[in-house]
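Here is the naming used below: chain letters follow the sequence lines, and residue numbers restart at 1 for every chain.
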Amino acid sequence: MAPPKISDWTKAKNGTNANKSPLKFDDFGIYMRHKQSKLVEICKDKVDNALPQIFKDCICYINGYTSPDPRELAEIISSRGGVSIQFLNGKTAVTHIIATQLTPRKMEEFRKCKVVKPQWVVDSAAAGKLLPIFDYSIIDLAGNNMTLKLTKPVQMKQPPHKAGQDSDNFILQFYAKSRLHHLSTWKSELKHHFQSHVTEYMTQKASSSQKDRQIIAHIDFDCFFASVSLLKFPHLAQKPVCVTNSTSTTGNSSADIASCNYIAREYGITNGMWLGKARQLCPDLQCLSYDFEAYETASKALYDYILNIGVDAVLPVSVDEVLVDISSLCYARVNGEVSLADAAHQVAQEMRQHIFESTRCTISVGIGPNVLCAKVALRRAKPDGYVVLLDSASIDQELGACSLKSLPRIGPSLSAKLSQNLNAHTLSDLRAYTLEQLQKCVGSRTGEVLFKYCRNEDDTDIRIIPDRKSVSADISWGIRFNSLQETENFMRSFTKEISRRLKEINMKGSFLTVKLLIRAKDAPIESAKHLGSGKCDSITRSTPLYMYTDEPDYIFSYAWKEVLAVNAPPEELRGIGLQITKLVHQDYEDKQQRLNFALLEEKGKNNKRKSGSDDCDIPSQIDLAVLSQLPPSLQEEIRKRIRLGKVVDAGHKEIEDSPIQVPSQIDPLVVAQLPHEIRKAIEKDIATRGEKCDVLPRLSQVDQEVFDALPEHIRQEIMNEYDREEKEVENEKEMAADTEINDEVTLSQWTILKEGLGENISWEIFITLPKSVQVQTICEHHELKKRHKAVGQKPGMRDTFAKLKGMRMNEDDFDNFLSGWVEARKDIGPDYETEKVIGKYISDLIDIEGNRSTAINGVKWLDILLKGCGNQLWHTTIKRLQRTVIDKTGCEVIF
DNA sequence: TGTATATCTTGG
DNA sequence: GCCCCCCAAGATATACA
Ligand SMILES: Nc1ccn([C@H]2C[C@H](O)[C@@H](COP(=O)(O)OP(=O)(O)OP(=O)(O)O)O2)c(=O)n1
């Protein structure tokens, strides 16, 4: 089965498609029940003792469309002593499957049974005896499904795919059957979907719902997988059931139970428990198989509904679980008769009714003023109910009594810590501690969260769905390699998989982390769970990729290097993970590249002509490895500009040593958007040459619009670069004394130099350079700094800044200026130039005018303006400005 | 003090 | 056949300046 996909998740918004459920699940459910009861009737009434009871030992499952139709077939069978069922109850021993054709999936499922065509039933009845099934089999003797032969060969008896030998198929099959993989993938897709959706809503709704008290609803299907899987086996609904991969009916199975119904829970069975243990608790436990498609369908019904009622914000928690802001929805219903709580009750009831009608599964709803309270309310509501927790008395009561472990963000580890160190088991236990005590015990951030929890507060803002920061794949099941070759086979397939995932979301990354799970020394060779990982040591190694990439072979080359570096025996490997970070959207990259080359051409026209050469100014040497790691398009550009005759091979291993030439003037924008590691490499190269070249473009050279279009983490990185440069200028005086060169460059001088030249160049290499180059390099280092200093002194002013600087502003003017700045750039983030001017302005306010309060209040105002803003850049800016004020005033505790 | 990466924790 | 123990984010820890 292909990885799950929610490509056509609803795009309906309130209005157009309102109340129009695309599903007819309600009808479907009724239809199923009807059908089921009809069949029972048939079985009971139509037994006819006058007919030969040829089917008396047969239990036949009629699958899908048949001719004669299933009803008629059932009649033939039951009237002759047989049992026919139209629904598999999971584990009943069916003797015959009656089907015209089977999907590969079903084929797999029914491998053990006799699968025969409907005509077998008809002919046997006519003959008055069971005919041999041979002529009626839909499976030929070679083991191929005859009816499907034309499309795709079906492997009937193939042994399971091995991770190290048939890696592609192993990975495919593993993920197709992994519920945790489905769960994770669904969540990612849902989050992505609602990321764009929410922004549309929020722009209008933010202001109104921020003022009123927020109302959050936490919605969750009851025992989701179990409920949905039960739809097809309604006769088991009153029995203890669970959903699991295991097909065995007895024995000590190590299969996970994904979900069990509430009847099973009475026996102490829980989600995630092994089937073997659950059977000990309840021998009568019924097993259902996964039905991922049906889970998607039910989930879609829920999310469709949520969108159609026009909520203020949606935060998907899982495929079956969602947090929604229903503030507007509730407030709109409030009038003289209807209180806010009444409105919340109505909304919850309507939700529950609608979802049951459309899915035949029950949801529970918890409603509260924040996520914490909604979650607690949900717990009390389960199963099949709802709880509204809006008045402070009941909130106090419910939350205080809550066991810590049941609260969001408090898992086994944290709750153990709290119980051991603070002897706290409920929120009211925790109330006795100060913020500082809590932080000391569990860390600053978590301490703050707990402190707020105790006061029924929770800052979680469900409107913020941050950008994706990583893409990863893990497998820690079925990993059993006999040789390094098998490990390599797997890694090749696995890098293909991660590449596929990157391409699927149109992203590339520039940083790789490899995780290896290695059998722990005290763990047995074979884990308790069949082909499981058992207890392992985890080793992670990471490396830059030197370019934004989604290419499987390229990623493999680095991943494999890391795997080899760990040097673990292949036999001991139990799990492997790949993670790609420092992501960019492919769109960005394309756009930027086009932009940059347009700019390059422009520059060529304006600047290069007068130097008399349209070639690069100062050709020089660069490590070919560095060049080959640049994005292909950039490589091409460089080659064009230096007229490199032959094309550089992408496989840089063979040609590592041959030096090529590179222009010293690379477009600053191109440099600015390169991954940090590459910029460092170029810096290193150019600095080592001792040429006068400023790798990091001056700030004024960076086009603001282009800068804004860059992904956040890159903008952040560029800003950091400038920060670093600035600090160096400040330190220059102290360093100057150290860099007098006499006979030898000392190591201490080197450590200082290193910073400016790029960290990758080693002392050993530097010392081998000719003295003249060393001197030149160091001189260059100083030159570089002086120029940066000059830049810092005359930043390019725009009109607004001139105003800010020249005008004698009062506090309101300043605050208005800040408001305007935030309003214009709230989403794209601050521009550094304005930030610098503001920084200078507040410095001057304090230093020259002695006006501390305007400076302090201005920065505080900025903080208030950006409360709840998801853009990290703004928060970094605020921090920096706060730091400026703190430094200038010498007062640490203002903010 | 901060930044960058490694590791742990959480949740469904 | 047994069985399909994923994956992303946030916080803290650690290393280094
Ligand atoms: N260890 C787990 C926990 C959950 N799930 C899957 C199956 C669940 O049906 C689904 C939703 O998880 P919930 O925690 O919401 O649990 P249920 O919906 O099964 O039950 P409840 O009524 O307690 O929500 O996620 C799983 O595969 N393995």
*Determine which pairs satisfy salt bridge (Lys or Arg N to Asp or Glu O under 4.0 Å) with at least one residue from residues 406-416 of chain A, sequence neighbours left out, and list them in order.*
A:R409-A:D458

_So, OP1 or OP2 of C:dC6: does either fall under 4.0 Å of a side-chain N or O from A:T185?_
no

*asked:* Regarding A:R500 and A:D550, does a basic nitrogen lie under 4.0 Å from an acidic carboxylate oxygen?
replied: no

*Which of the following nucleotides, B:dT9, C:dC4, B:dG12, is nearest to the side chain of A:S413?*
B:dT9

*asked:* Categorize A:G532 for me: base, sugar-phosphate, or nothing, with a 4.0 angstrom heavy-atom threshold over every strand shown.
replied: base

*May I ask you to verify if any side-chain N or O of A:K469 is less than 4.0 angstrom from the OP1 or OP2 atom of C:dG10?*
yes

_For a side-chain hydrogen bond (donor to acceptor under 3.5 Å, both in side chains) check, start with the C-alpha distance between A:D474 and A:Q579, then their side-chain angles and the critical distance, and finish with the verdict._
CA-CA 8 Å; A:D474 292 74; A:Q579 183 188 51; over 6 Å; no

_Touch class at under 4.0 angstrom, heavy-atom based, for A:S533 against every strand present_ = base

_Donor-acceptor pair present, A:S184 side chain and C:dC6 base, under 3.5 Å_ = yes

*Report yes or no: is there a donor-acceptor pair, N or O only, under 3.5 Å between the side chain of A:H181 and the base of C:dC6?*
no

_Between CG on residue A:N370 and NE2 on residue A:H218, distance to nearest 0.5 Å_ = 12.5 Å

_Regarding A:S318, tell me which of base, sugar-phosphate or nothing describes its non-hydrogen contacts under 4.0 Å with the strands shown._
sugar-phosphate

